[in-house]
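Notes for the one structure printed next.
Chain identifiers are assigned alphabetically (A, B, ...) following the order of the sequence lines, protein sequences preceding nucleic acid strands; residue numbering begins at 1 within each chain.
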Amino acid sequence: MPSKIIKDGVIVDDQWLLLPQDTTDIPEGPIIVPLSLWESKKDILAGREALGVWLDSDEPPEHIASALENFDLVAINFPVFVDGRGFSYGRDLREKYHYQGEVRAIGEFIRDQLFFLQRCGFNAYALSGAELESALDTFKDFSDSYQAAIDQPEPYFRRH
Amino acid sequence: MYIYNQYDQQLVDERVAQYRGQTERYLAGEISDDQFLPLRLQNGLYIQRLAPMLRVAIPYGTFNSQQMRKLAHISRHYDKGYGHFSTRQNIQLNWPQLEEVPDILAELAEVQMHAIQTSGNCIRNTTTDQFAGAAADELEDPRPYCEIVRKWSTFHPEFAFLPRKFKIAFCASKADRAAIQMHDIGIEVVHNASGETGFRILVGGGLGRTPVIGTEIIEFLPKQHLITYLEAILRVYNQLGRRDNKYKARIKILVRAMGIDAFRDKVEQQWALLKDGPSTLTEEEFERSKSYFHSPEYIEVDDSDADLKLQQQALQDPGFGNWLKRNVDAHQAPGYAIVTLSLKTTGYAPGDISDVQMEAVADMAEQFSFGEIRASHQQNLVLAHVRKEQLFALWEQAKTFGFATPNINYLTDMICCPGGDFCALANAKSLPVADAIQRKFDDIDYMYDLGEIDLNISGCMNACGHHHIGHIGILGVDKKGKEFYQISLGGSQDRDASLGKILGPSFSQAEVPDVIEKILNTYISLRIDGESFLDTYRRAGLAPYKESVYAK
Ligand code: SF4
């Protein structure tokens with residue numbers, strides 16, 4: 001995991017430890033646990049300070065819909081950047097489950113997807129292998145959008 | 001037609017800038033080939049067998065003289081002086097330089113054109129009837145709805161990385177000229193008993209490796225819900241469509257696997273969250289969209305007078321008569337007609353057009369049809385609003401520039417993909433097959449005697465040439481590294497859509513024209529009282545054709 005991430009439009013230090021899929025040990029401090037670990041260790045994890053969970057691209061948010069108050073952060077993994085399921089998961093988290101915490105993109109997504117990710121409800125991006133500073137420009141690729149989405153709930157035709 | 005406002009223009013300009021940056025980063029080695037791939041595809045750029053290919057969008061097939069002149073300029077300046085109209089109402093340039101594509105896109109943006117989402121796994125250009133707004137059998141002009149869908153689908157943040165490409169088509173007339181049953185989503189504009197507009201929506205149609213005819217998901221969707229309903233369908237597909245195998249990734253496979261009822265349930269659940277929300281369309285938005293598609297200022301013409309005159313001209317000049325009968329269709333306004341300019345002239349690849357021809361079409365459109373042009377999915381061009389008394393003059397110009405082949409909907413008006421001469425995916429060449437057939441059947445009386453026949457050719461299973469829905473379909477196949485052709489019969493793209501059945505073992509390229517001849521002769525011997533090719537096939541079945549073709 002990069003130690004710097006983009007969050008809410010700025011580059012910040014990342015405090016969170018991302019636990020890989022097969023983790024069994026649960027370390028101290030802020031952690032992002034895989035869904036499987038959450039499901040098997042709910043009783044230990046629930047109520048813990050600074051807890052996040054991450055979903056793989058075949059794990060839709062309905063798995064955690066009823067437990068969302070346990071998480072400060074939900075991360076969505078992009079195993080390959082062309083796997084676009086995560087875009088819908090972001091929207092579902094915000095729109096369907098009204099999740100207010102951090103929604104973070106992790107994995108193999110690329111900087112050219114940041115604009116769309118932001119529109120789908122993501123607000124943090126653990127972007128690897130890219131210049132974060134110049135990646136920030138990507139959020140300004142377009143000055144507006146036709147569709148309603150999370151960042152702009154009114155479609156263009158209602159605003160003009 | 002639709003005219004950009006300042007905001008539409010700004011978005012397209014921003015897209016050019018974005019893609020210019022991406023191309024620079026790619027050329028500087030900052031983006032890998034894999035990462036650049038979907039970025040360039042979503043800007044219309046393929047890497048083909050010999051060179052890149054750029055596919056330019058013509059939203060729902062309507063464009064104007066100024067845009068056509070720009071295409072002529074681009075093809076001359078950046079390419080080899082010609083373009084190719086595809087079966088999706090787009091135009092393809094076969095020889096652009098990757099480095100120059102941002103400049104080409106900037107030139108296109110000057111005339112309100114672009115190549116956005118013309119390929120890649122996203123929502124593609126929405127297509128419709130090439131006669132929209134002019135056809136005599138039309139319920140409403142579908143283009144205002146197409147334009148609403150164009151806006152919604154352009155840079156949709158959630159659906160830019162779908163399991164596979166996604167195609168939407170509209171029709172709003174008695175005859176289905178947009179083949180809506182063959183699209184991921186097919187939308188028919190309908191009126192309910194109280195005269196309100198709504199949509200009948202089909203889902204899961206498509207050609208390719210597993211051809212499927214679309215299934216109805218909703219019989220009548222009140223029009224204000226169009227966008228929320230489409231969004232619900234796409235969201236279900238984006239989450240559940242297969243991503244492990246690109247041949248099983250289209251929505252048709254998902255709908256089949258789930259069954260239409262289970263699929264509909266999922267869509268309804270999603271829709272419940274969106275329905276009546278902010279994306280619900282307003283009366284104001286419909287009116288705004290419609291205001292761009294008002295009928296042109298027709299002048300009053302005595303229709304029967306005009307018809308009488310045409311009949312006289314046809315008698316005097318049988319060549320004109322032939323053309324009038326085949327290439328001219330009924331218009332909704334009295335005294336006007338719809339003209340199809342044939343891009344199916346023997347000796348030229350179907351759908352191909354030179355820069356000089358593009359300029360000629362631009363001139364003709366200005367002179368005869370309010371400066372407006374259509375591209376059809378049969379790879380022809382259309383001048384949609386021509387005064388009947390000008391038809392003769394138009395015909396003479398069309399002849400000069402090679403657009404007057406009087407063959408629309410007849411055997412030599414075939415649909416044909418670029419095939420192995422250009423396309424990297426091809427199993428076999430398709431253009432030489434089309435050419436050989438056109439040469440063999442160049443006797444016009446014989447062709448007219450055969451009646452209307454759709455002959456469609458694809459160079460591989462991807463079916464860009466729609467071979468499954470041709471009355472006669474030809475498919476390029478690879479047999480131990482050699483190019484062969486499989487023939488199918490009985491497909492149809494109209495309301496009574498059907499998929500062709502394979503005749504039997506495939507043929508070499510040299511054999512194809514003779515095989516087609518045998519099939520046609522069999523039809524002639526079987527038909528009763530002027531029965532069409534398709535009707536005869538449907539009555540008599542495959543067996544007699546098989547017998548005559550494979551007889552030893
Ligand atoms: S059908 Fe095959 S050969 Fe023809 S254009 Fe499509 S992909 Fe290429």
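- Using a 4.5 Å cut-off between heavy atoms, A/Glu108 makes no contact with chain B at all.
- The heavy-atom pair separating B/Asn238 from A/Gly84 by the smallest distance is ND2-O, 3.1 Å.
- The pair B/Glu30-A/Arg111 does not count as a salt bridge, with every side-chain nitrogen at least 4.0 angstrom from each carboxylate oxygen.
- Here B/Arg15 does not pair with A/Asp141 in a salt bridge; the nearest charged N to carboxylate O distance is not below 4.0 Å.
- Contact tally against chain A (heavy-atom pairs below 4.5 Å) for B/Leu240, B/Thr154, B/Leu234: the top residue is B/Thr154.
- Within a 6.0 Å radius of NZ in B/Lys248, other residues, nucleotides and ligands contribute 12 heavy atoms or fewer.
- Inter-residue side-chain proximity for B/Pro38 and A/Phe81 is flagged as met; some heavy-atom pair is nearer than 4.5 Å.
- The neighbour count for A/Glu49 CD, taken as heavy atoms of other residues, nucleotides or ligands under 6.0 Å away, does not exceed 12.
- In terms of non-hydrogen atom pairs under 4.5 Å with chain B, the most contact-rich of A/Gly90, A/Ala149, A/Cys120 is A/Cys120.
- Across all their heavy atoms, A/Phe142 and B/Leu11 have their closest contact at CD2-CD2, 3.6 Å.
- Both the backbone and the side chain of B/Thr280 come within less than 4.5 Å of a heavy atom in chain A.
- One finds no salt bridge joining A/Arg85 and B/Glu158 here, because no Lys/Arg side-chain nitrogen approaches an Asp/Glu carboxylate oxygen to under 4.0 Å.
- Note that OG of B/Ser279 is 7.5 Å distant from CZ of A/Arg158, once rounded to the nearest 0.5 Å.
- Comparing B/Arg235, B/Arg288, B/Glu231, B/Gln22 by heavy-atom pairs within less than 4.5 Å of chain A, the highest count is held by B/Arg235.
- Within a 6.0 Å sphere centred on CD of A/Glu131, heavy atoms belonging to other residues, nucleotides or ligands number 12 at most.
- For the options B/Glu285, B/Arg243, B/Gln35, heavy-atom pairs under 4.5 Å to chain A are most numerous at B/Arg243.
- Annotation: B/Glu287, atom CD; neighbour count of heavy atoms from other residues, nucleotides and ligands within 6.0 Å is above 12.
- Residue contact with chain B, scored on non-hydrogen atoms closer than 4.5 Å, involves the side chain of A/Glu95 exclusively.
- Between B/Pro278 and A/Phe157, the closest heavy-atom pair is O-CZ, 4.1 Å.
- There is no side-chain donor-acceptor pair under 3.5 Å between B/Gln10 and A/Asp144.
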Practice item. Show your reasoning for whether side chain to side chain contact (heavy atoms under 4.5 Å, CB included) applies to B/Asn5 and A/His160. Key: CA-CA 11 Å; B/Asn5 64 23; A/His160 294 269; over 6 Å; no
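- In this structure, CZ in B/Phe36 is found 10.5 Å from CD1 in A/Ile110, a value given to the nearest 0.5 Å.
- Pairing each heavy atom of A/Phe87 with each of B/Pro157, the nearest pair is CD2-O, 3.4 Å.
- Of all heavy-atom pairs between A/Gln147 and B/Lys151, the closest is NE2-O, 3.7 Å.
- For B/Ile227, no part lies under 4.5 angstrom from a heavy atom of chain A.
- Comparing B/Ile31, B/Leu281, B/Asn121, B/Ile148 by how many heavy-atom pairs each has under 4.5 Å with chain A, the most go to B/Leu281.
- Using cut-offs of 30° and 60° on the angle between ring planes, the pair B/Tyr7 and A/Tyr146 is perpendicular.
- In terms of heavy-atom proximity, A/Phe116 sits nearest to B/Phe155 at CE2-O, 3.5 Å.
- With a 4.5 Å cut-off on non-hydrogen atoms, A/Asp92 touches chain B through its side chain but not through its backbone.
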